[in-house]
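One structure is given here, and the rest of the page talks about it.
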Amino acid sequence: QRGDFVKFFHPNLLLPALFIGYVAWNEIYEITPLNEYPIQIQYKNEGEMKLERLKDAVKSAAKKSESQTAFLKEKDEEYGITTKLFAAPGKAIEAAKSTYKYW
């Protein structure tokens with residue numbers, strides 16, 4: 001029987017996402033030794049700096065995507081790109097239907 005582990009073996013992004021999250025967490029944080037009280041989660045030596053760099057990279061990517069989205073929207077309004085793209089499948093179906101007599 002397939003069981004509960006099926007979600008890890010189907011082609012999906014669950015297992016890679018969990019692995020990437022685990023690796024990223026271990027790059028930034030560490031757990032104090034379990035035999036010392038209290039057990040704490042703390043930054044690694046350069047963990048805080050890595051976290052700040054990651055935040056800055058996300059902010060930078062967001063700004064770039066905003067400017068690219070604005071550019072694409074402007075070009076779409078100028079040339080009607082999305083209208084043409086959404087109309088293309090309908091035109092292809094109509095062309096196929098007109099080619100065959102008994103569609």
Inset, instruction - Determine, stepwise, if the pair T32 / Q42 fulfils side-chain contact (heavy atoms from CB on, under 4.5 Å). - result: CA-CA 7 Å; T32 58; Q42 60 191 18; 3.7 Å; yes

Inset, instruction - Start with the C-alpha distance between I41 and W25, add both sets of side-chain angles, then the distance that settles side-chain contact (heavy atoms from CB on, under 4.5 Å), and finish with yes or no. - result: CA-CA 11 Å; I41 297 174; W25 193 86; 3.9 Å; yes

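For the pair T69 (side chain) and S65 (backbone), a donor-acceptor distance under 3.5 Å is present.
Taking CG of L34 as the reference point, atom CD1 of I39 lies at 5.0 Å (rounded to 0.5 Å). Note that CG of L54 and CE of M49 are 12.5 Å apart. Values are rounded to the nearest 0.5 Å. The line from CG of L15 to CZ of F19 is 9.0 Å long, rounded to the nearest 0.5 Å. Atom-to-atom distance recorded for K91:NZ and E94:CD is 11.5 Å, nearest 0.5 angstrom. The OH atom of Y29 sits 14.0 Å away from atom CD of Q40, with the distance rounded to the nearest 0.5 Å.
Between K50 and E27, at least one side-chain nitrogen of the basic residue sits less than 4.0 Å from a carboxylate oxygen of the acidic one, meeting the salt-bridge criterion. Salt-bridge annotation for K63 and E66: absent, with no side-chain N of the basic residue lying under 4.0 Å from a carboxylate O of the acidic one.
The number of heavy atoms from other shown groups lying within 6.0 Å of NZ (K44) is above 12. Open room surrounds CD on E46; 12 or fewer heavy atoms of other groups in view lie less than 6.0 Å from it. Heavy-atom neighbours of N45 CG from other residues, nucleotides or ligands within 6.0 Å: at or below the threshold of 12.
Heavy-atom minimum distance, K84 versus Y79: NZ-O, 3.3 Å. Minimum interatomic distance between P89 and F86 (heavy atoms only, all atoms of both residues): CD-O, 3.5 Å. When all heavy atoms of L51 and I28 are compared, the closest pair comes out as CD1-CD1, 3.9 Å. Nearest approach of S98 to A95, heavy atoms of both residues: OG-O, 2.9 Å.
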